Amino acid sequence: MHGAADGAVAAARGTGSGRGAGRRRAALLAAGAATIVLGLSVRGFGAPAWAGPAGDALYAVMVYVAIAFLLPRKPRLPIALAALIACTAIELFQLTGIPAALASAWPPFRLVFGTTFGPADLAAYAAGSAVGFAADAGISAAAGKAKRRAAQSTTAQSRTGRRA
């Protein structure tokens, strides 16, 4: 009975059991891959007027996904705040000129650290962190509904002795 109570408390906090954390990590891995592909596509093929802000927002989504992957049992709101803080710190780091020097030495650094500070990027990071939070909540809600339906189906099968 203790395990069921722990699961109920974890569900209320937005966190999962060991199996739930594994499923969440798998979903986050897929979301991260999709975010990377979408982000590189937007940056590579989009019009600069909207590709920059969209890419910055997707960068924040990816940071959210990475933090959630590393800490799958943590609630979503602190993860979103941590993603926003990390993105803001990286943006402010650009004021030092170090990221531009690193990108000159090895161009892939540009994808991680950027090169120039832009105050508008901070708004895109806030939007991206919010999108990460909302997408994670939506995916979790959908997974919870599917799990409840499966449990109800299993219960119905055991009552009737046949499959639904």
Side-chain angles (χ1 to χ4, degrees), residues 7 9-147:
V9 170
R13 284 194 315 238
T15 59
S17 65
R19 281 188 305 218
R23 283 191 295 268
R24 183 170 187 221
R25 276 193 167 138
L28 289 165
L29 192 61
T35 302
I36 289 170
V37 169
L38 184 58
L40 292 174
S41 297
V42 164
R43 289 283 189 163
F45 304 112
W50 64 269
D56 291 336
L58 288 167
Y59 180 87
V61 170
M62 188 61 226
V63 171
Y64 177 98
V65 168
I67 294 170
F69 184 85
L70 293 172
L71 304 169
R73 293 187 180 111
K74 292 292 181 190
R76 289 180 285 277
L77 185 57
I79 292 171
L81 293 173
L84 179 58
I85 290 167
C87 291
T88 300
I90 290 170
E91 190 68 24
L92 293 174
F93 183 48
Q94 293 170 3
L95 290 170
T96 67
I98 295 170
L102 291 171
S104 293
W106 194 52
F109 274 124
R110 178 185 189 98
L111 296 173
V112 177
F113 296 115
T115 56
T116 55
F117 175 80
D121 294 352
L122 299 174
Y125 297 145
S129 296
V131 166
F133 174 88
D136 191 7
I139 290 168
S140 295
K145 284 181 185 179
K147 187 175 179 180

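In this chain, residues are counted from 1 in sequence order. Since the structure is predicted, the reported quantities are computational estimates derived from the model, not experimental observations.
- Heavy-atom minimum distance, Phe133 versus Leu77: CE1-N, 3.6 Å.
- Taking 4.5 Å as the limit, every side-chain heavy atom of Asp121 sits out of range of all side-chain heavy atoms of Tyr59.
- Remark: Leu84 CG to Ile79 CD1 distance equals 14.0 Å, nearest 0.5 Å.
- In summary, of the residues considered (Leu38, Ile67, Thr35), a side-chain contact (heavy atoms from CB on, under 4.5 Å) with Met62 occurs for Thr35 alone.
- Tyr125 OH to Asp56 CG: the interatomic distance, rounded to the nearest 0.5 Å, is 4.5 Å.
- Listed here is the closest heavy atom pair of Gly132 and Tyr64: O-CE2, 3.5 Å.
- Here Leu58 contributes atom CG and Ile36 contributes atom CD1; the two are 11.0 Å apart, rounded to the nearest 0.5 Å.
- Minimum interatomic distance between Ala86 and Val63 (heavy atoms only, all atoms of both residues): CB-CG1, 4.1 Å.
- The CD1 atom of Ile139 sits 9.5 Å away from atom CZ of Arg24, with the distance rounded to the nearest 0.5 Å.
- A pairwise comparison of heavy atoms in Phe109 and Leu102 identifies CD1-O, 3.5 Å as the closest pair.
- Smallest separation of non-hydrogen atoms from Pro99 and Gly114: CB-O, 3.4 Å.
- Across every non-hydrogen atom of Ala103 and Thr115, the tightest pair is CB-CG2, 3.8 Å.
- Checked by atom type and distance alone, the side chain of Ser129 never pairs as donor or acceptor with a backbone atom of Ala126 at under 3.5 Å.
- When atom types are taken as modelled, the side chain of Glu91 and the backbone of Pro119 share no donor-acceptor pair closer than 3.5 angstrom.
- From Arg43, atom CZ reaches atom CZ of Arg110 across 8.5 Å, with rounding to the nearest 0.5 Å.
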